[in-house]
Amino acid sequence: MNDDDVLQRNNVKIIGRGTRPMIFAHGFGCDQNMWRFITPAFEDDYRLILFDYVGSGKSDLNAYDPSRYATLQGYAQDVLDICAALDLHDAIFVGHSVSAMVGVLAAKQEPERFSNLIMIGPSPRYINDDGYAGGFERPDIEGLLDLMDRNYIGWASFLAPVIMKNPDRPELGAELQESFCSTDPKIARRFAEATFFADNRGDLAGVAQPSLILQCSEDAIAPLEVGQYVHRELPGSTLRVMKATGHCPHLSHPEETIEAIREYLGRAS
Amino acid sequence: MTIHPVLDTAPCGYVSVADDGTMLEVNLTLASMLGYTRAELLGWHLQKILPPGGRIFYQTHVFPLLKMHGIAEELYVALRTRDGNDIPTLLNAARRERDGQRVTDCIFVRMLQRHEFEDQLLQARRLAESANEAKAKFLSMMSHDIRTPLTAIAGYAGLAAGGAFGPLNDEQRAAMQGIRGACDELLRLMNDILGFAQLDSGRIPVHPVPLRAREVIARAETLVRLRAEESGLTLRTDTCDDDLVVRADPERLQQILLNLLTNAIKFTPHGGAIEITCEPHDARVCIRVRDTGIGIPREQLERIFDPFVQLDPIVDVVHRGVGLGLAISRDLARAMGGELRAESTPGSGSVFTIELPAADAAVNALLEQETTS
């Protein structure tokens with residue numbers, strides 16, 4: 001697969017007027033559209049790389065290989081393929097939710113590609129274990145899979161491309177014909193299994209890059225204890241507990257998210 | 001904030017939620033459905049009335065959907081009651097601006113019976129999916145297992161007919177050639193079944209690359225020219241422009257073209273003609289196979305692409321075929337982002353059009369460079 005094929009496969013979009021690369025990796029359930037509230041703030045100073053994992057958004061579904069994407073390593077390989085195709089070095093990796101761990105795997109495998117990791121709502125393991133509180137039990141995840149199954153009956157029409165208005169930010173609200181999130185229920189289910197049954201606790205200690213952990217208050221998916229765990233285990237990490245609640249501060253509280261990232265990068269440089 | 005009495009007793013749960021998930025308004029129906037008082041629920045995070053799996057679904061699907069689209073309809077969501085039971089509900093939600101604040105209004109309708117129907121539907125769908133997978137696996141295994149001995153029979157019969165094992169009289173040679181011919185026909189059938197099973201299960205990978213239409217057509221023409229001449233047919237190819245470049249998988253496109261050409265040869269009487277042409281059409285390229293054959297009746301034109309469809313039984317005695325070739329060809333064309341269409345006038349001939357995406361101008365230029373350098 002040549003470089004152009006990778007860029008097409010992962011629906012890579014490059015925006016911004018700066019030179020330093022900043023690669024944004026979306027979380028489970030959505031695609032690169034999730035970043036649209038915060039990317040404008042970084043366009044002047046950085047070269048922003050947005051993409052969809054294979055199986056999500058407008059990626060090439062023909063490229064989906066169930067065995068490759070059975071674990072997060074397959075998703076990390078997507079990131080590394082894109083880095084290689086664009087010849088990225090010292091990139092700032094911004095990963096939401098599961099992509100925080102995807103970033104950890106990618107950074108361990110090819111450290112020279114990344115200078116810093118910014119993790120929004122990371123969790124190295126969602127299921128509770130001896131002495132570790134991930135927040136969920138296995139039947140809880142089965143409950144999620146059941147919910148997805150039921151909703152995916154009508155998923156195609158539910159998430160069919162629509163005119164996406166941006167009710168909160170009309171100035172960004174060019175009426176784009178966009179599809180939203182992944183539309184193949186089988187792929188989404190496998191992504192959920194790869195995400196919520198993963199255990200990446202052992203990978204944290206091997207990360208050489210400094211990192212920022214953005215921890216929301218009252219995050220039901222990645223609770224504060226998990227953020228603190230990541231901070232303890234990840235060498236050179238900074239933990240910032242946000243006022244933002246929930247699990248998607250870049251959607252719900254874009255200003256606070258932008259400010260936290262800017263402040264960290266300002267200190268890091 | 002006071003809730004209108006009608007809303008309070010409406011036969012569905014109602015809650016208004018701030019962007020941070022705090023419940024700002026709750027109607028009495030919802031509170032009693034969950035076994036709480038209204039005062040208990042107000043100020044809580046919505047997630048407290050969702051089961052753990054539901055919290056993840058809310059954060060990864062429902063909230064982003066509401067934030068980006070402003071509306072969510074007919075979502076299945078379970079609500080957790082005070083004593084830990086889950087109530088299946090259908091959620092409709094919309095984001096609005098009220099009192100200078102963005103809020104999301106949610107309506108929950110209990111769906112105990114529908115929940116059971118959906119269970120049955122889901123169960124049936126899973127069974128159908130696994131039956132389909134088993135069928136595809138069986139077909140593919142069977143075709144493989146039959147193909148191997150068949151190839152041996154065809155090979156030995158061919159060798160024997162050619163005198164490799166000693167001289168044969170005319171009758172024996174004709175019999176050997178008959179065996180060989182029947183084996184070839186069976187092999188073709190097996191390949192079709194195998195191809196169809198693979199397509200049906202989505203296991204045929206398609207890798208489109210830029211291809212010059214002229215080169216693809218020339219290759220297909222070479223492969224069928226002899227057969228066309230043996231059948232007393234004229235085979236003509238239009239000289240395609242060099243800059244007509246399609247995005248297609250070379251092997252799959254060849255497979256479609258060969259299938260169309262073989263059909264054209266089969267169904268065109270002695271003395272007829274077959275023509276292959278190509279032309280641009282918007283951002284696409286059309287490759288056409290035109291014959292002066294027996295044609296296809298109008299009412300059967302669409303059906304010819306259905307798997308296992310045979311047309312006139314009399315025709316099929318002479319020209320055997322299970323009708324899988326066209327079904328496979330159309331599926332392949334579609335898998336490459338294209339289309340396969342048929343037009344026909346019974347008695348005077350048929351035109352099959354393969355429509356494929358054109359490769360962009362930049363790629364054309366690159367191919368041009370390769371040719372000149």
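Here is the naming used below: chain letters follow the sequence lines, and residue numbers restart at 1 for every chain. On a predicted model such as this, the values are computed, not experimentally measured, just so you know.
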message: Regarding D81(A) and R68(A), does a basic nitrogen lie under 4.0 Å from an acidic carboxylate oxygen?
response: yes
Any donor-acceptor N/O pair, R190(A) side chain to A70(A) backbone, under 3.5 Å: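 Here the side-chain-to-backbone pair does not exist.
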query: Is a side-chain donor or acceptor of S217(A) paired with a backbone partner of M242(A) at a separation under 3.5 angstrom?
result: yes
Residues in side-chain hydrogen bond (donor to acceptor under 3.5 Å, both in side chains) contact with Y53(A), at least two apart in sequence or another chain: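 Testing Y53(A) for side-chain hydrogen bond (donor to acceptor under 3.5 Å, both in side chains), a comparison that skips the adjacent residues, returns S99(A).
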Interface moiety of [X] toward chain B, non-hydrogen atoms closer than 4.5 Å:
X: F136(A); value: side chain
X: F196(A); value: side chain
X: K186(A); value: side chain

Would you mind checking which part of [X] comes under 4.5 Å of any heavy atom in chain A, side chain (CB onward), backbone (N, CA, C, O), both or neither?
X: E97(B); result: neither
X: V77(B); result: backbone
X: H207(B); result: neither
X: D119(B); result: both

Could you list the donor-acceptor pairs under 3.5 angstrom formed between side-chain atoms of residues 40-50 of chain B and any protein atom two or more places apart in sequence or on another chain?
| from | atom 1 | to | atom 2 | distance (Å) |
| --- | --- | --- | --- | --- |
| E40(B) | OE1 | T37(B) | N | 2.8 |
| E40(B) | OE1 | T37(B) | OG1 | 3.3 |
| E40(B) | OE1 | R82(B) | NH2 | 2.5 |
| E40(B) | OE2 | R82(B) | NH2 | 2.3 |
| H45(B) | ND1 | Q47(B) | N | 3.0 |
| H45(B) | NE2 | D20(B) | O | 3.0 |
| Q47(B) | OE1 | Q59(B) | NE2 | 2.7 |

message: Looking only at the aromatic ring of each residue, does the gap between the centers of F191(A) and Y75(A) stay below 6.0 angstrom?
response: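 Under 6.0 Å, so yes.
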field: Pairs of heavy atoms under 4.5 Å with chain B: top-ranked of D60(A), T245(A), D140(A), D146(A)
entry: D140(A)
